[in-house]
Amino acid sequence: MSAKLKDILGPVLPGEELEQLVASYDVVGDIAIIIIPDELSHRQGLIGEALLANNNKLRVVAKRVGNYNGEFRTIVLEVIAGERRKETLVTEFGVRLQLNVETTYFSVRSGTERKRIASLVLPRESVLVMFSGVGPYPLIIAKHSNAKKVVGIEKNPLAHEYALKNLQLNRKINNVRFLLGDAGRLTTLLAERFERIVMPLPTMADTFLPVSLEMLGPKGGYIHYYEMAKTGSFAGAVSKIKKACEDANRKLLSSAITRCGHCGPKTYRICVDALVSEKIK
Ligand SMILES: C[S@@+](CC[C@H](N)C(=O)[O-])C[C@H]1O[C@@H](n2cnc3c(N)ncnc32)[C@H](O)[C@@H]1O
């Protein structure tokens, strides 16, 4: 449990109940998202009100009902205190993002990783973000690099709607385009090719490697490939990319692994920055 949560709830809950609380909670804009174990559900109103009373930036406290799942990686949430809404506004490295925390996927914990990717983008590069959600990667890349253009594709229509709104919210950004569609069909949707491709779908990015390698320009470039991997098996992700490159008549020239999130016991969200060759005839 984070010291802060313990401090906040210490005066409110008996010791044994305090121990049952889950370690931390996320804050997305002005919404706190918390896990409340079933044994504590009779205390949820009290917990929610205590959080609101201790953080004057919070307006809503919602509890997770289940886990992130389905194709759109969304999660059911129940508001337990504050205003009855699930929409909020987040500012990430100077980019404004409006979103609904229940109907769209957005992780505040990936902000630093998005900024890291933006810092790798070279001047005048064309960048494709598969699985762009409400638009954080494309907008952060556009704001913090000198990319020529950034294209995002997203299948969840509600997330795509927010991405379009977010483009309007960030008026100075004028080199981003959002498409609604299935990234698996990109070769039929877009004739253009890209010098850098970001693949933030850690649950099943491997199945999209063939299309990603088709969307990479003929001269090659970078693929940022995300996966959930256990300590000691990070190299498995690199092997998948190597094999996909061979199948696509390309070579994996180099790879670097970054650990960019913790998602379970000894399990991490990793990103492989893969430099891929031109097509070999
Ligand atoms: C892990 S989320 C990442 C969202 C966003 N990039 C971010 O960092 O907040 C993955 C996203 O991929 C979308 N998605 C899943 N399958 C897809 C597909 N076949 N084509 C396009 N988007 C897809 C989901 O709806 C979800 O928004």
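Every value quoted in this text rests on a predicted model; they were computed, and no experiment measured them. Counting starts at 1 for both ligands and their atoms, in listed order.
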**Request:** Sequence neighbours left out, what pairs pass side chain to side chain donor-acceptor pair (under 3.5 Å) with at least one residue falling in residues 234-250?
**Result:** E227-K240, K243-D247
Expected list for residues 132-145: side-chain donor-acceptor pairs under 3.5 angstrom, two or more places apart:
{"from": "S132", "atom 1": "OG", "to": "I153", "atom 2": "N", "distance (Å)": "3.1"}
{"from": "S132", "atom 1": "OG", "to": "I153", "atom 2": "O", "distance (Å)": "3.1"}
{"from": "Y137", "atom 1": "OH", "to": "Y226", "atom 2": "OH", "distance (Å)": "3.0"}
{"from": "H144", "atom 1": "NE2", "to": "F93", "atom 2": "O", "distance (Å)": "2.7"}
{"from": "S145", "atom 1": "OG", "to": "I141", "atom 2": "O", "distance (Å)": "2.7"}
{"from": "S145", "atom 1": "OG", "to": "A147", "atom 2": "N", "distance (Å)": "3.1"}

**Prompt:** side chain to side chain donor-acceptor pair (under 3.5 Å): which pairs involve residues 156-169, sequence neighbours left out?
**Reply:** E87-Y162
**Request:** Check whether more than 12 heavy atoms from other residues, nucleotides or ligands sit under 6.0 Å from atom CZ of R185, and answer yes or no.
**Result:** no
**Prompt:** Can you check whether L89 reaches L169 side chain to side chain, under 4.5 Å on heavy atoms?
**Reply:** yes
**Prompt:** Under a 4.5 Å cut-off applied to non-hydrogen side-chain atoms, are D30 and R85 in contact?
**Reply:** yes
**Complete:** Contacts for ligand 1, heavy atom under 4.0 Å, by chain and number, are E71, F72, Y105, F106, R114, F131, S132, G133, P136, Y137, E154, K155, N156, G181, D182, A183, P200, L201, F208
